[in-house]
Amino acid sequence: MDGSVIPESQRPHRDDVLLAVSSVLAGALLWSLGVHSTGNRHLPAWVALVPLLVLGAMELLRRTAPAVTLPVAVAGLVFDRFTVGNLATLLIFTDLVYAAVVYGKPALARRLPISTGMLTVAVTIAGVAWLRTPQALVIGVVTGVLTFGPALTGATLRNHREAAEAARLRAEQTALLAEMDRAQAVVAERARMARELHDMVANHLSAIALHSTAALSIDSPATSRDALGVIRENSVQGLAEMRRLIGLLRDAGAGKEAVAVPSLDGLDSLIGHARTNGPGNGHRCGGWRPRCPPRRGWWRNEPAAGHAGYAGRRPQGEGPGGRGPERGTGGPGADPGQRGRHRGGG
């Protein structure tokens, strides 16, 4: 049963079947009406139907086997010249030449227009040389219409199709590259958010470590209470930021870009944090005022435990003119040697 099934690639196209049937019927109608293309009466008139039927059958193979239909079409056309002729046979021949260029192999599509053009020129020159009359040019014109014209039309159409296919492939490649760039941008954005999460957690932990060290070093209930408040606030804010960034990374997924949605939900908390840790809260530690979460680059290079020397000193007065701590008190203005002694000896 499988052997009797014709592969789909070898089945005649629906348009080819319609074209073959309509061509044969049109040729038969012209023959019945006595419309002939030549005045040759050496053979019976019904013989003109033979090349018509043969070329009509070749129309079924114009897409699937153009290399076979072209030689048969040439032989049928030559045979038709020895009969009374049929106009439908000539039209079928031109369509087979056109199909051979459009659906044939690239080599055949390149050579056929050149071959038919040379054939047209040769027939024209031979006709003029043989008949030596201006009417001999008609032979060359008819040859060009039957051979060179369909081949040139098919070559033009094929070139346009190939150009359109190349443009489509370039568009697909461009879309693929754009998709790859988008995926890389998503990965880079997720990596940036991961670094931001790491830096944010490090800042809050540094502030917690610093204030806890101050609370342990200064034996004062008020100072301890303020430090615990700051520690709790930094912890809550750190957890909130972690939940927000992790939620963004989770919602974005592997194929979408993580984008933070601006909102004013954290404005009150930010204002309260600024009021608590701002320069006007009156809390001094080691002779210098604590500030908002430390600058990222400074605290990343020096562990929080290394700054215990600042908190280990008792509160001292400000320098002359209220310009902050005097040099040598362990604050940021201390010289490197003095700062090293505070770290080592406390």
Side-chain angles (χ1 to χ4, degrees), residues 193-250 260-319 321-334 338-339 341-346:
M193 293 185 67
R195 289 193 299 269
E196 181 181 347
L197 176 62
H198 173 271
D199 295 342
M200 180 270 301
V201 173
N203 285 338
H204 285 293
L205 290 179
S206 298
I208 291 173
L210 199 62
H211 285 85
S212 62
T213 302
L216 292 174
S217 302
I218 301 175
D219 189 12
S220 172
T223 301
S224 299
R225 184 168 52 255
D226 293 341
L228 288 177
V230 173
I231 289 173
R232 181 186 180 280
E233 184 175 359
N234 278 277
S235 302
V236 171
Q237 291 181 358
L239 289 175
E241 290 293 329
M242 286 179 61
R243 291 193 186 100
R244 183 181 68 85
L245 292 178
I246 292 175
L248 286 175
L249 292 175
R250 223 178 249 168
V261 179
S263 64
L264 298 177
D265 296 338
L267 183 60
D268 296 337
S269 176
L270 182 63
I271 295 175
H273 180 74
R275 288 174 178 173
T276 303
N277 296 330
N281 61 358
H283 180 204
R284 299 178 183 177
C285 181
W288 59 286
R289 296 176 183 269
R291 67 292 157 277
C292 293
R295 287 181 297 178
R296 192 172 296 174
W298 191 58
W299 292 108
R300 185 181 296 171
N301 295 329
E302 298 189 31
H307 301 281
Y310 301 156
R313 299 185 59 84
R314 294 293 181 179
Q316 298 178 6
E318 295 181 350
R323 292 191 300 269
E326 297 180 353
R327 298 182 60 86
T329 60
Q338 188 74 12
R339 187 182 301 176
R341 286 193 300 271
H342 286 309
R343 283 189 193 148

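Heavy atoms only: backbone and side chains are in, while hydrogens, waters and symmetry mates are out. These numbers were taken from a predicted model, which means no experiment stands behind them. Residue numbers start at 1 and run along the sequence shown.
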Any chance you could measure [X], atom [atom1], to [Y], atom [atom2], to the nearest 0.5 Å?
X	Y	atom1	atom2	result
Met193	Met200	CE	CE	10.0 Å
Ile231	Leu205	CD1	CG	11.5 Å
Glu233	Ile208	CD	CD1	10.5 Å

